[in-house]
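Model, not experiment: these values are computed from the prediction. Residue numbers start at 1 and run along the sequence shown.
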Amino acid sequence: MTLEWTPLSEFRKFLKNTLRLNHVNQVFSSIKNPVLQLFTTFPAPDNWLAVPPEERPTFRHRDSRDLWYVIFWAWHTGFCKGNDVVAQYRRNDLVCYLSTRGRVNLSDFPVKMGLLKNSEAEHIRKKDSNRIGLFNKLSIHLLGVMKPLGDFTEEDIALADVMRPNDKRYNAKCLKDILFELGYSDEPGRRRQRILFDDCCEHPKWGDIAREFREHLKRSNSLDYYIRKAGSALHKFFKWLDQHGESDASSLEYEDFLDLFDYILKNNDGEEFSAKYTGNKSSTHKVIL
C-alpha cells in the first residue's frame with residue numbers, strides 16, 4: 001500500500017457527510033491549521049509513522065488539533081485493513097497513538113463511521129452508568145482497530161491491555177465480557193497478563209515466525225512457564241536482529257552468534273548477569289535458537 005495524506009477536501013466531506021456536524025465550515029477552519037502543520041512537519045505518512053506512536057507531536061491551533069484528521073485518514077485509506085502481520089502491526093500502532101493523546105472524547109465516532117451498531121452502543125452505555133469512561137475507551141479501541149466489534153480477533157482484543165495497561169476498568173477481560181454479552185463470544189473473559197511473546201508475534205518482520213513457533217509450543221503441550229521463557233528469549237533475539245539490521249536470520253555466521261550470546265548475557269545497562277542466572281538464561285536461548 002502506498003500511503004499518502006488524504007486531501008483536506010475529502011476530510012471536509014467526512015465532517016459533513018459522515019460525522020454530520022453542524023457548523024462544518026467553522027469546525028473545518030479550526031482543524032485545517034493543525035493539519036497543515038502536520039503536512040509540513042511530515043510530508044508523507046511514512047515520515048510520521050517512523051516516529052514511535054507515543055512520541056509523535058500533537059499539532060494544535062487554539063482548541064483544535066490534528067487528531068480528527070488522523071482518524072479520518074486511517075479510515076479513508078484502509079490503513080488497518082488486512083489479516084496479515086503488517087495490518088496487525090498497524091492496528092497496534094494506531095491504538096498506541098490514539099491512547100496517548102490525553103483526554104479525548106471520541107464516543108460519537110464509531111456509530112457514525114459504521115464501526116458500532118446503535119444497539120451495541122446502547123448496551124455499552126448502560127454498563128457505563130457510573131461514568132467510568134468505558135464507552136469512550138471502547139470507542140478509542142474501535143477506532144484503533146478500525147473494524148466492527150463482531151470482527152475482533154484475539155489479537156485485536158489483546159490490544160485493550162496495550163491501550164490501557166493495568167487498567168481494572170477497561171482491559172482485555174472487560175472487552176471479552178462485552179463480546180460475550182453481545183453474542184460474539186462463547187465465553188466471558190478471563191484476565192490474562194500480556195507477555196513478551198505477544199510483542200514478538202506483532203513484530204512487522206518476524207511476527208509470522210513467532211506466531212508459528214508459539215502455536216507449535218501450544219500443540220506440544222508446553223508449560224506456560226516455558227512459553228513465557230521462550231517469548232523472552234525470542235524478544236531479546238529480535239531486538240538484536242533489529243539493532244544489527246539483519247534481514248535473514250538464517251544467514252548468521254559464527255561471529256554473529258558470538259556477538260549475539262554476548263548481548264544476551266548482559267542486561268539493558270550492559271552489565272553481565274550473575275553466573276547462575278547466565279547459565280539458566282543461556283541454556284534457554286540455545287534451545288530456542
Side-chain angles (χ1 to χ4, degrees), residues 1 18 53 70-101 104-128 132-195 197-204 207-208 210-212 214-215 218:
M1 176 190 297
T18 302
V70 170
I71 294 171
F72 154 74
W73 168 79
W75 177 72
H76 187 267
T77 60
F79 178 70
C80 298
K81 284 188 176 179
N83 298 315
D84 58 4
V85 66
V86 174
Q88 190 59 37
Y89 179 78
R90 287 178 171 180
R91 286 190 280 271
N92 182 85
D93 182 284
L94 192 56
V95 165
C96 290
Y97 170 77
L98 295 177
S99 61
T100 55
R101 297 303 98 182
V104 293
N105 186 351
L106 299 172
S107 57
D108 289 339
F109 279 59
V111 171
K112 292 182 177 180
M113 292 170 64
L115 299 173
L116 194 66
K117 299 175 184 176
N118 284 311
S119 57
E120 296 169 337
E122 183 63 25
H123 174 82
I124 298 161
R125 282 197 173 97
K126 287 180 180 178
K127 291 177 65 70
D128 203 16
I132 60 174
L134 173 64
F135 187 76
N136 189 52
K137 292 166 187 172
L138 177 63
S139 296
I140 293 172
H141 194 163
L142 280 162
L143 294 170
V145 175
M146 283 290 173
K147 61 171 71 170
L149 271 179
D151 294 342
F152 268 42
T153 64
E154 287 295 323
E155 290 81 7
D156 298 328
I157 294 169
L159 289 177
D161 292 331
V162 174
M163 176 184 145
R164 307 288 303 183
N166 303 314
D167 191 328
K168 294 181 180 179
R169 298 171 297 178
Y170 185 75
N171 50 55
K173 178 189 178 303
C174 170
L175 178 55
K176 279 198 168 186
D177 286 340
I178 292 172
L179 293 173
F180 174 72
E181 292 161 3
L182 292 172
Y184 297 131
S185 175
D186 295 331
E187 58 181 25
R190 294 180 180 178
R191 187 68 169 144
R192 174 185 174 275
Q193 294 294 329
R194 186 175 175 84
I195 62 176
F197 223 137
D198 296 316
D199 293 336
C200 295
C201 292
E202 293 168 5
H203 193 282
D208 287 338
R211 287 194 287 188
E212 289 177 9
R214 190 178 204 173
E215 289 304 312
K218 290 180 179 178

For this session: Could you pull out the closest heavy-atom pair between Arg101 and Pro53, with the gap in Å?
Result: NH2-O, 3.0 Å

Seminar exercise, completed: On a heavy-atom basis, the closest approach of Leu134 and Cys174 is CD1-SG, 3.7 Å

Exercise. Rounded to the nearest 0.5 Å, what separation is found between the CG atom of Asp156 and the CG atom of Leu179?
Worked result: 10.0 Å

Exercise. Taking 4.0 angstrom as the limit, do Asp177 and Lys127 come out as a salt bridge?
Worked result: no

Exercise. At what distance, to the nearest 0.5 angstrom, does OG1 of Thr153 lie from CD1 of Ile157?
Worked result: 7.0 Å

For this session: Taking all heavy atoms of Gly144 and all of Cys80, pick out the closest pair and write down the distance.
Result: O-SG, 3.6 Å

For this session: Using a cut-off of 6.0 Å, state whether more than 12 heavy atoms not belonging to Asn83 lie near its atom CG.
Result: no

Problem set entry | Partner of Leu143 under side chain to side chain contact (heavy atoms under 4.5 Å, CB included), chosen from Leu98, Leu138, Leu94 | Leu98

Seminar exercise, completed: So CZ of Phe152 and CG of Leu175: to nearest 0.5 Å the spacing works out to 6.0 Å

Exercise. Any side-chain heavy-atom pair from Leu159 and Glu202 closer than 4.5 angstrom?
Worked result: yes

Exercise. Quick one: does Asp93's side chain have a donor or acceptor within less than 3.5 Å of a partner on Arg90's backbone?
Worked result: no

For this session: Establish, yes or no, whether the cationic atom of Arg214 lies under 6.0 Å from the six-membered ring centre of Phe197 and within 45° of the ring axis.
Result: yes

For this session: Find the distance between NZ (Lys173) and CD1 (Ile178) and round it off to the nearest 0.5 Å.
Result: 10.5 Å

Problem set entry | Expected output: side-chain Asn92 to main-chain Gln88 donor-acceptor under 3.5 Å | no

Exercise. Closest approach of Lys137 and Met163, non-hydrogen atoms and distance?
Worked result: O-CE, 2.8 Å

Seminar exercise, completed: Closest heavy-atom pair, Leu116 versus Leu142, reported as atoms and distance to 0.1 Å, is CD1-CD1, 3.9 Å

Exercise. Atom CG of Asp161 and atom CD1 of Ile195: how far apart are they, to the nearest 0.5 Å?
Worked result: 12.0 Å

Exercise. Where does the angle between the aromatic ring planes of Tyr170 and His141 fall among parallel (under 30°), tilted (30 to 60°) and perpendicular (over 60°)?
Worked result: perpendicular

For this session: Starting at CG of Leu115, measure out to OG of Ser139 and round the result to the nearest 0.5 Å.
Result: 9.5 Å

Exercise. Does Glu155 pair with Arg91 as a salt bridge, N-O distance under 4.0 Å?
Worked result: no

Problem set entry | Side-chain ion pair, Asp208 and Arg211, N-O less than 4.0 Å | yes

Problem set entry | Under 3.5 Å donor-acceptor, Asn136 side chain and Val104 backbone | yes

